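Only one structure is covered here, and it is reproduced in the block below.
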Amino acid sequence: MSDIDLKEKWLQHYKTAPAQLEKMGEVNGLISAFNANVDAVIKVSGKSIEKIINDNKLDLSRILGEGENSIYSNEDAIRGFLQCFREGKAEEWLIENKAVFNWLNETVGYDKLQMGGQGGIVANVMAVCGVNSVYVHCASSPKEQSQLFLDLDNLLTVDENGEIAQASKVDRKNDLPLIHWIIEFDKGDTISLDGKLYTCPKANRFIATYDPLNFKLHIDEQFSKCMAKDNVNSEYIILSGYQMLHENLKDGIKGASKIEASKAMIKEWRKSCPNNLLHLEVASTQDKVVRKHLIDSLVESVDSLGFNERELIDILEVIGEEELAAKCEANINAVTMFEGMLKVYEYTACPRMQLHMFGLYLTLQKKGFKVTPIQNRDGMQLAATIAAAKAGTGVINTKDVLLWAQGHKVSDVGLNELSNLQNFVSEKFGENRLLDTGIFENESIEIIAVPTILIEKPVTLVGMGDTISSVSLVGAR
Ligand code: GLC
């Protein structure tokens, strides 16, 4: 089939997007937990960072030197930024010292505040897509954060009295604002330090996070109690926020014990709706002990996993697949990623997992999983359509903008990746038509792969993965 025909074929497949979006309105309840926070977004230039370094007389050797991926000093914050800038990569480091938080506030500032955290972002997306009751957990809910939730009456959390209330209207006055700095930079920008010029190869972001509550996976008891009630019928539970945990937390508490406590709680939530789907958005978990514990302990109870390329490689690193992780790292493409997914599938036995990468989404699931391959494909196409609307317009705050990208053709990048994947799957499992149908199944597994719509100059990338994973799953009906 020629490329033109293929694009035409996918355009036909994508035509189901509006109907899938309508079907999301049939979902009664969904819980999005645990992390919601305020994102303070700022676009910086290399020049402005040079100025901050000079004005504040920062120690260059500590900015250019090695160190752990956490922020104890002002230099650490700039060191993290510089690493991302010069490699064009995305990373998130935790601010361990309140003084650095104050310093960033004064020197870097922000352009805009928006809803952040996987839990917060997913909740907004699910609510605007029409899910009937979206319950979002907030470790903290001061007005500054609540007002970043969409003003929708189907988007709920608990108020200061422990009652369910519209999330955007809650004002828990004594709660602390949890702020994450999203420091974005442009491709081609330069920064000159110590006589050396660094050029940024890819637009991306560095996140510096001050969040003492979500750091320790603080769970609001009132929320948890409400979610265990019989009238909360959550057909889906979408989890995230574990990525901020450390092996050892302050006060001698172990990260692992927090994970275990949450497991017990989620079990209670599931009682009123035993057939619900539990999804974990893996996210970038820096602490390897926590990462391993998540994979070994939490994943056994989840039905579905979501990750990007980086997060998949991170998983491989802790399940004894260091060699494959290195191979993936050296060459990130649909084939190496799929090989990685097969290993994660084997290791965890999780019945569904989805990767979102540049140009392609890929789902691997157990034969006969309750979401069929075609439902998955439809959900993934809706997700790609909505993600393109987010990239193209910057905001998906109203229902009418969600299908903004409807009618755009899928990308060449995605089709190339899919074509390579088809060949690989042919060698490994036999003949298939992944390239034009996006679906392959045999007696034990189902593979669903969808080339996505790419937007030339994305207005934003923050929260893209969360949007893709949640819409792919809940839109798969
Ligand atoms: C991480 C960041 C958060 C951001 C989110 C986007 O959770 O801490 O600030 O909104 O990623 O996925």
Side-chain angles (χ1 to χ4, degrees), residues 32-43 69-71 77 80-81 84 89-96 101 104-105 108 110-126 136-140 144-145 148-150 176-184 203-218 238-246 279-287 290-291 294 305-311 314 354-357 383 386-387 390-391 394-397 458-472:
S32 179
F34 291 93
N35 59 332
N37 62 264
V38 174
D39 275 350
V41 188
I42 180 153
K43 171 74 79 60
N69 291 1
S70 336
I71 304 176
F81 166 81
C84 289
K89 64 179 179 185
E91 265 186 24
E92 175 170 12
W93 292 11
L94 307 182
I95 303 174
E96 307 282 355
F101 164 84
L104 280 173
N105 211 356
V108 181
Y110 55 80
D111 298 332
K112 63 173 177 203
L113 295 179
Q114 64 190 36
M115 178 47 67
Q118 282 76 11
I121 293 168
V122 164
N124 268 350
V125 175
M126 293 295 106
V136 59
H137 173 266
C138 300
S140 171
E144 295 92 320
Q145 179 181 298
L148 303 172
F149 280 121
L150 298 179
L176 184 75
L178 309 168
I179 317 252
H180 299 202
W181 257 277
I182 315 278
I183 308 176
E184 300 180 317
N204 224 323
R205 62 181 185 270
F206 172 62
I207 308 185
T209 289
Y210 179 73
D211 191 337
L213 290 180
N214 284 315
F215 269 27
K216 54 178 183 187
L217 198 77
H218 171 82
I238 301 191
L239 299 177
S240 57
Y242 294 93
Q243 75 273 10
M244 275 173 269
L245 284 174
H246 278 167
H279 174 92
L280 171 68
E281 194 58 21
V282 172
S284 172
T285 314
Q286 300 285 329
D287 187 301
V290 170
R291 201 190 299 156
L294 282 177
L305 276 181
F307 41 69
N308 65 19
E309 307 91 313
R310 182 67 258 160
E311 293 151 12
D314 287 349
Q354 185 179 88
L355 164 83
H356 42 90
M357 62 181 279
I386 293 180
K390 186 174 165 78
V395 276
I396 42 171
N397 284 358
V459 182
T460 177
L461 289 173
V462 185
M464 207 52 102
D466 319 330
T467 304
I468 295 164
S469 288
S470 56
V471 178
S472 290

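Remember, predicted model here, so these are calculated numbers, not experimental data. Each ligand, and each atom within it, is numbered from 1 in the order the structure gives.
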**Message:** Within the 4.0 Å heavy-atom shell around Gly116, which atoms of ligand 1 are there?
**Reply:** 10 (O)
**Message:** With no hydrogens and no angle check, just 3.5 Å: does a side-chain donor-acceptor pair link Ser472 and Gln354?
**Reply:** yes
**Message:** Show the nearest heavy-atom pair for residues Leu217 and Gly241, with the distance to one decimal.
**Reply:** CD1-O, 3.7 Å
**Complete:** Among non-hydrogen protein atoms, atom 6 (C) of ligand 1 lies closest to Asp466 OD2, 3.5 Å
**Message:** Side chains of Ser70 and Glu96: any donor to acceptor distance under 3.5 Å?
**Reply:** no
**Item:** Ligand-side contact atoms (ligand 1) for residue partner Gln243, heavy atom cut-off under 4.0 Å
**Value:** 7 (O)
**Contacts of Asp314 that satisfy salt bridge (Lys or Arg N to Asp or Glu O under 4.0 Å) - sequence neighbours left out** = Arg310
**Prompt:** Closest non-hydrogen protein atom to atom 10 (O) of ligand 1, residue and atom name please, with distance?
**Reply:** Asp39 OD2, 2.5 Å
**Request:** Considering the heavy atoms of Ile121, write down every atom of ligand 1 situated less than 4.0 Å from one of them.
**Result:** 6 (C), 10 (O)
**Message:** Could you identify the single nearest non-hydrogen protein atom to atom 1 (C) of ligand 1 and state the distance to 0.1 Å?
**Reply:** Glu92 OE1, 3.3 Å
**Prompt:** Is there any N or O on Gly117 that sits under 3.5 Å from an N or O of ligand 1?
**Reply:** yes
**Prompt:** Does some non-hydrogen atom of Met464 fall short of 4.0 Å from ligand 1?
**Reply:** no
**Request:** Could I get the full list of ring pair (Phe, Tyr, Trp, His ring centres under 6.0 Å) partners for Tyr242, not counting sequence neighbours?
**Result:** Phe34
**Message:** So, 4.0 Å and heavy atoms of Ile182: is ligand 1 close enough to count as a contact?
**Reply:** yes
**Asked** Between Tyr210 and Trp181, does the ring centroid distance fall short of 6.0 Å?
**Response** no
**Selection from Arg205, Gln118, Met115 by shortest heavy-atom distance to atom 11 (O) of ligand 1** = Gln118
**Message:** Counting C-beta onward and ignoring hydrogens, is there a side-chain heavy-atom pair between Val41 and Tyr110 closer than 4.5 Å?
**Reply:** no
